[in-house]
Amino acid sequence: MDLATLMFVSYRAMDERVQRAMREAGYDVTVAQSRLAQRIADEGSRLTELADRAQVTKQTASLLVAALEREGLVERVPDPSDGRARLIRMSARGREAATQAMHVVIAVEQEWTEHLGPELAGQLREGLMKLREITDPYA
């Protein structure tokens, strides 16, 4: 099996665990919505930035943000650098959801480290961080 597929299988397993935990906690969010929400900067992001980072159209990003807004997870606020523009940022409920999701991620990573052993897990993280230098345009 090729390396990219192996990475995707592990990513998907993590994603499914997080999504299930979020549903169980009462957050009604789709995979697409959560992937977009993960890309919201702490200080807020413009819709065009989110669309670019999520690699979706502006129209799709707008629909995803609207759904997240209905769930009370994000809010639109004036952009202090441009009074005509709006920023999308996490609401208090959205920050709580992100914290809860991070707890699941940490737990899964701990399971993986126990399975691989600390040395191999560290090497995997180191290798992926190195690979990110040539694969992540936002790094």
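What's counted below: heavy atoms across the whole structure, side chains too, no hydrogens, waters or symmetry copies. Sequence positions, counted from 1, serve as the residue numbers for this chain. None of the values given here were measured: they were computed from a predicted structure.
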Between [atom1] on residue [X] and [atom2] on residue [Y], distance to nearest 0.5 Å:
X	Y	atom1	atom2	answer
L124	E109	CG	CD	9.5 Å
R84	D79	CZ	CG	10.0 Å
L36	L73	CG	CG	11.5 Å
I88	L50	CD1	CG	5.0 Å

**Report entry** Nearest atoms (heavy-atom pairs only) where S10 meets W112
**Finding:** O-CH2, 3.4 Å

Report summary line: Between S34 and V29 the two heavy atoms that sit nearest each other are N-CG1, 3.6 Å

Query raised in the report: Which residues pass the side chain to side chain contact (heavy atoms under 4.5 Å, CB included) test with Q38, sequence neighbours left out?
Result: none

Query raised in the report: Are more than 12 heavy atoms from other residues, nucleotides or ligands located less than 6.0 Å from atom CE of M7?
Result: yes

Requested in this report: Flag yes if more than 12 heavy atoms outside D42 fall under 6.0 Å of its CG atom; otherwise flag no.
Outcome: no

Taking distance alone, no hydrogens or angles, what donor-acceptor pairs closer than 3.5 Å link side-chain atoms of residues 56-68 to residues at least two apart or in another chain?
unit_1	atom_1	unit_2	atom_2	d
T57	OG1	T60	N	3.0
T57	OG1	T60	OG1	2.9

**Report entry** Connected-component partners of L87 among ILVMFWY, side-chain separation under 4.5 Å
**Finding:** V77

Report task. Spell out, as yes or no, whether a donor-acceptor pair under 3.5 Å connects the side chain of S45 to the backbone of A41. Result -> yes

Query raised in the report: Between the main-chain N or O of R46 and the side-chain N or O of E49, is there a donor-acceptor pair closer than 3.5 Å?
Result: yes

Query raised in the report: Do any pairs count as a side chain to side chain donor-acceptor pair (under 3.5 Å) and have a residue in residues 129-139, sequence neighbours left out, and if so which ones?
Result: D52-Y138, K130-E133, R132-D136

Query raised in the report: Restricting to pairs with a member in residues 86-96, which pass side chain to side chain donor-acceptor pair (under 3.5 Å), not counting sequence neighbours?
Result: E75-R89

Query raised in the report: Does any non-hydrogen side-chain atom of V74 lie less than 4.5 Å from one of M90?
Result: yes

Query raised in the report: If you look only at pairs with a residue in residues 19-39, which of them pass as a salt bridge (Lys or Arg N to Asp or Glu O under 4.0 Å), with sequence neighbours excluded?
Result: D15-R35

